[in-house]
Amino acid sequence: MNKELEKMKQNQEHERRKRIAEEKHKEWVQKKTEEERRERKRKLSQEMAEKATRELEKMQLREKADIKYKEWLKKKKAEEAEKKKKEKEKEKEREAELQEKRTRSEKIFKEWLQNAKNKPQPALNGYGFPHGKSTGLY
C-alpha cells in the first residue's frame, strides 16, 4: 500500500513536472513567435524607412537636375538673344554702309552728269564717214 501510494505520488509528481514543462515550452514558443513577429515588423518598418529615404533622394536629385536644366535653358536663351541682337546690329551697320554707298554713288553720278553737260560733244561724222558709219564698199 505504501509502495502504491509512493508510486502514485511519483506519477503525480511526474505528471505535474510534465505539465510544467509543457507550459514552459508553450510560453517559450509563444515568446519566440512574438519575438519573431516583432523582428519582422522592425525589419519591415526599417525597409519602408529606407525606401522612403531612397525615394526622397531620387526626388531631390530630380529637382536638382530640373533646376540645373532650367538654369542652362535660361542661359542658352540669353546667349541666343545676345547673338540675335549682335546680328541685328551688324545688319543695321551693313544697311547703313549700303545707304552711305548709294548716296555717295548718287552724288558722284550727279557730279559726273553735271560735268558731262559741260564737256564738248565729239564730232558726229568722225573719220569722214557720214553719221560715223561706212556707207559703201571698201
Side-chain angles (χ1 to χ4, degrees):
M1 187 92 167
N2 224 359
K3 280 186 180 181
E4 278 182 30
L5 192 61
E6 202 173 304
K7 205 172 188 181
M8 238 162 84
K9 276 185 184 180
Q10 280 180 352
N11 277 342
Q12 282 177 351
E13 184 68 25
H14 181 69
E15 287 293 321
R16 189 180 63 84
R17 283 184 181 176
K18 195 176 177 181
R19 245 183 293 123
I20 290 173
E22 283 178 3
E23 285 176 11
K24 282 186 179 181
H25 182 262
K26 277 184 184 177
E27 283 177 18
W28 180 83
V29 167
Q30 201 173 21
K31 193 176 172 184
K32 196 70 172 172
T33 54
E34 184 68 27
E35 199 175 292
E36 285 175 354
R37 189 178 59 78
R38 267 190 264 128
E39 185 66 25
R40 268 187 267 127
K41 208 174 191 180
R42 186 187 62 78
K43 280 185 180 179
L44 186 66
S45 66
Q46 188 178 0
E47 284 175 9
M48 294 292 277
E50 286 175 1
K51 190 176 179 182
T53 305
R54 282 194 301 266
E55 286 295 320
L56 185 66
E57 285 175 357
K58 278 184 184 179
M59 241 171 55
Q60 287 173 343
L61 271 174
R62 265 188 243 124
E63 286 176 3
K64 280 183 183 178
D66 203 29
I67 289 169
K68 281 188 178 184
Y69 173 73
K70 284 179 181 176
E71 286 175 358
W72 175 83
L73 195 62
K74 193 175 180 181
K75 186 179 173 184
K76 209 63 167 163
K77 283 183 180 179
E79 286 176 4
E80 199 67 32
E82 187 70 26
K83 191 177 177 183
K84 283 183 180 180
K85 188 178 174 184
K86 284 182 181 180
E87 284 179 8
K88 280 185 180 180
E89 286 176 4
K90 282 184 180 181
E91 189 63 33
K92 280 183 182 179
E93 284 179 17
R94 270 190 243 126
E95 281 293 322
E97 284 177 10
L98 280 173
Q99 188 63 33
E100 191 179 319
K101 224 177 189 181
R102 279 190 204 116
T103 53
R104 236 184 304 132
S105 296
E106 285 178 18
K107 184 180 173 187
I108 291 171
F109 176 72
K110 284 179 183 175
E111 284 177 8
W112 174 81
L113 199 59
Q114 198 69 30
N115 289 339
K117 284 182 184 177
N118 298 337
K119 283 187 180 178
Q121 293 288 331
L124 290 176
N125 297 333
Y127 305 106
F129 299 111
H131 304 296
K133 297 179 186 173
S134 65
T135 53
L137 296 171
Y138 294 104

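Reckoned from all heavy atoms, side chains included, excluding hydrogens, waters and symmetry mates.
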Between the NZ atom in K90 and the CD atom in E87, the distance rounded to the nearest 0.5 Å is 7.5 Å
Interatomic distance, CG@L98 vs OG1@T103, rounded to 0.5 Å, equals 10.5 Å
Are side-chain heavy atoms of E91 and R94 found at a separation under 4.5 Å?
-> yes
Rounding to 0.5 Å, atoms NZ (K77) and CH2 (W72) come to a distance of 10.5 Å
| said: Let's go through E39 and R42 carefully: what are the C-alpha distance in whole Å and the side-chain angles of both, what is the deciding distance for salt bridge (Lys or Arg N to Asp or Glu O under 4.0 Å) to 0.1 Å, and is it a yes or a no? | reply: CA-CA 5 Å; E39 185 66 25; R42 186 187 62 78; 2.3 Å; yes
d(M1 CE, M8 CE) to nearest 0.5 Å is 9.0 Å
- Item | salt bridge (Lys or Arg N to Asp or Glu O under 4.0 Å) assessment of K7 paired with E4 | CA-CA 5 Å; K7 205 172 188 181; E4 278 182 30; over 6 Å; no
*Quick one: are Q99 and R102 in side-chain contact, heavy atoms under 4.5 Å?*
yes
Charged N-O contact under 4.0 Å between K84 and E80: no
Inset, instruction - Taking the side chain as every heavy atom from C-beta outward, state whether R16 and E13 have any pair of such atoms under 4.5 Å apart. - result: yes
Check: Are K85 and E89 close enough that some pair of their side-chain heavy atoms sits under 4.5 Å apart?
Finding: yes
By side-chain contact (heavy atoms from CB on, under 4.5 Å), E36 pairs with (sequence neighbours left out) K32, R40
Notebook entry, point to check: Between R62 and D66, does at least one N-O distance fall below 4.0 Å, as a salt bridge requires?
Noted result: no
Next on the checklist: If the threshold is 4.0 Å, N to carboxylate O, is there a salt bridge linking E100 and R104?
Outcome noted: yes
Under the criterion salt bridge (Lys or Arg N to Asp or Glu O under 4.0 Å), I'd like the reasoning laid out for K43 against E47: C-alpha separation, chi angles, the key distance, then a yes or no.
CA-CA 6 Å; K43 280 185 180 179; E47 284 175 9; over 6 Å; no
Check your understanding: Yes or no on salt bridge (Lys or Arg N to Asp or Glu O under 4.0 Å) for R37 and E34, after CA distance, side-chain angles and deciding distance?
Key -> CA-CA 5 Å; R37 189 178 59 78; E34 184 68 27; 2.2 Å; yes
To the nearest 0.5 Å, atom NZ of K101 lies from atom OG of S105 at 7.5 Å
In this structure, NZ of K58 is separated from CG of L61 (nearest 0.5 Å) by 10.0 Å
